[in-house]
Amino acid sequence: MTSTPISPQDSVTLEDLVQEIKFFENTVLEWHDPEKLLVVEGLKQSIEALHKEALIRLIRSVKQESLPALRHAVEDEVVYGLLRYHELVKPPQPPLETRIQQALEEVRPGLKSHSGDVELVAVKLPDTVEVKLVGTCSNCPASTLTLKQGVEQAIKNHCPEIKHVISVNTPVSANNSDSKTNSITSPFSADNEAGWVALTTIEQIPDGGILALELDGLKLIITRFSDKIKAYRNSCTHLAMPLDKGEIKEGILTCSFHHFQYNLETGDCLTAPEMPLQPYPVKRVGERVLVRV
């Protein structure tokens, strides 16, 4: 295999330069001496580090003198390719609405497996998106959790500039033939007392086990023994490690990290009695389980 070196006077493209680099890379890969390969790799990393530092200083200087000139330089494919290689410029992003739709497509399979779906209603710049849960998701007791853990997180992953994801589901009308008027209730609320959030249903909590949930960054575990339901912070009181991966045997949860043990019915720590789990108030409304946070 041969390669004709590119002379400085030649008009070259990014493809020309990449092909020449690939030629030398393939040549090195044919070597069978590990020591030589390490030397070449070390030389490559040192040269790249030198080039990156020089580019950073050059960008900083040009940016101070003339930002339009820097933007014009980046339009050149070779300059742009080199800056992308050194991660000194961000890759171009699709339009905001396209990225939102990509996020919704990401969560749709999970929603559709429960006969639900989600629709984009509006994008309100600079940082708010309105969505609508449809199908069974529109009035599911765990719809608040679906929005927070699924839809909202997916949108924020694809669109870091979005800070607020709001559900605009139409309130559910509770028809009562014995009443002259219809009462309007939100599918997310259980009563008028502030702080209570419907997080799950009784059937989703394994009897004698735990269900791990998260709401606005608050991580919880919910446990059930027959009709007795308890909620605790998902945090070992020893070193604050998560408890949801621990082993449960006869109502005793053993933290998988340092083996602290807890009685799930009472929250007591069996390893260090002065360090019980942090409880949260729980109540049941029909099949819904509410936690006050």
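Quantities reported herein were computed from a predicted structural model and do not represent experimental measurements. We count residues from 1, following the sequence as given.
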Answer yes if [X] and [Y] sit in the same cluster of Ile, Leu, Val, Met, Phe, Trp and Tyr residues linked by side chain heavy atoms under 4.5 Å apart, and no otherwise.
X: L277; Y: V282; value: no
X: L67; Y: V89; value: yes
X: L82; Y: L17; value: no

In terms of side-chain heavy atoms, does [X] have a donor or acceptor partner in [Y] at a distance below 3.5 Å?
X: N26; Y: E30; result: no
X: R233; Y: Y280; result: yes
X: Q204; Y: T201; result: yes
X: H158; Y: E106; result: yes

request  = Scan L215, L211, V289 and name whichever one has a side chain to side chain contact (heavy atoms under 4.5 Å, CB included) with L199.
outcome  = L215
Could you check whether any side-chain heavy atom of [X] comes within less than 4.5 Å of a side-chain heavy atom of [Y], counting everything from C-beta outward?
X: L133; Y: V151; answer: yes
X: L88; Y: K52; answer: yes
X: E97; Y: Q102; answer: no
X: V62; Y: L58; answer: yes
X: I21; Y: E25; answer: yes
X: T128; Y: I162; answer: no
X: I222; Y: I210; answer: no

Pairs flagged by salt bridge (Lys or Arg N to Asp or Glu O under 4.0 Å) wherever residues 37-46 is involved - sequence neighbours left out = K44-E48
Provide the closest heavy-atom pair for [X] versus [Y] in the form atom of the first, atom of the second, distance.
X: E119; Y: L104; result: C-CD1, 4.4 Å
X: Y232; Y: L264; result: OH-O, 2.8 Å
X: V121; Y: V131; result: CG2-C, 3.8 Å
X: F225; Y: G208; result: CE2-CA, 3.7 Å
X: P276; Y: P273; result: CD-O, 3.9 Å
X: G209; Y: T223; result: O-OG1, 2.7 Å

Spatial distance of atom [atom1] ([X]) from atom [atom2] ([Y]) [nearest 0.5 Å]:
X: S235; Y: L220; atom1: OG; atom2: CG; answer: 11.0 Å
X: I56; Y: S61; atom1: CD1; atom2: OG; answer: 13.5 Å
X: E161; Y: K156; atom1: CD; atom2: NZ; answer: 12.0 Å
X: L38; Y: D33; atom1: CG; atom2: CG; answer: 9.0 Å
X: I229; Y: T200; atom1: CD1; atom2: OG1; answer: 9.0 Å

task = Carefully, step by step, assess I202 and R224 under the rule side-chain contact (heavy atoms from CB on, under 4.5 Å).
result = CA-CA 8 Å; I202 186 72; R224 174 171 68 93; 3.1 Å; yes
Residues forming a side-chain contact (heavy atoms from CB on, under 4.5 Å) with K112, sequence neighbours excluded = R108, D117
ask   = Which residues pass the side-chain contact (heavy atoms from CB on, under 4.5 Å) test with V123, sequence neighbours left out?
value = L96, I100, L120, L125
inquiry  = Strictly by ring-ring contact (aromatic ring centres under 6.0 Å, His included), give each pair with a member in residues 57-103 just once, sequence neighbours left out.
reply    = none
message = One pair to check against side-chain contact (heavy atoms from CB on, under 4.5 Å): F24 and E20. What are the steps and the verdict?
response = CA-CA 7 Å; F24 288 109; E20 186 170 23; 3.7 Å; yes
task = Sequence neighbours left out, what passes salt bridge (charged side-chain N to carboxylate O under 4.0 Å, His left out) with E77? Give chain and number order.
result = none
task = Given salt bridge (charged side-chain N to carboxylate O under 4.0 Å, His left out), test E75 with R71 step by step and report yes or no.
result = CA-CA 7 Å; E75 292 175 0; R71 289 173 176 163; over 6 Å; no
Cut-off 3.5 Å, no hydrogens considered: what does the side-chain donor-acceptor table look like for residues 236-253, sequence neighbours left out?
{"from": "T237", "atom 1": "OG1", "to": "Y262", "atom 2": "OH", "distance (Å)": "2.9"}
{"from": "T237", "atom 1": "OG1", "to": "M275", "atom 2": "O", "distance (Å)": "2.8"}
{"from": "D244", "atom 1": "OD1", "to": "N234", "atom 2": "ND2", "distance (Å)": "2.8"}

request  = Give a yes or no on whether the backbone of G42 and the side-chain of S46 come within a donor-acceptor separation of less than 3.5 Å.
outcome  = yes
task = Please answer whether the main-chain N or O of S226 pairs with a side-chain N or O of D207 as donor and acceptor at a distance below 3.5 Å.
result = yes
message = Counting neighbours of CG on D227 that are heavy atoms of other residues, nucleotides or ligands and sit closer than 6.0 Å, is the number greater than 12?
response = no
Check against side-chain contact (heavy atoms from CB on, under 4.5 Å), H164 and V129 = CA-CA 6 Å; H164 309 287; V129 170; over 6 Å; no
request  = Could you tell me whether E265 and K230 make a salt bridge, using a distance below 4.0 angstrom between a side-chain N and a carboxylate O?
outcome  = no
request  = May I have the step-by-step check of side-chain contact (heavy atoms from CB on, under 4.5 Å) for V40 and L37, ending in yes or no?
outcome  = CA-CA 5 Å; V40 171; L37 292 175; 5.8 Å; no
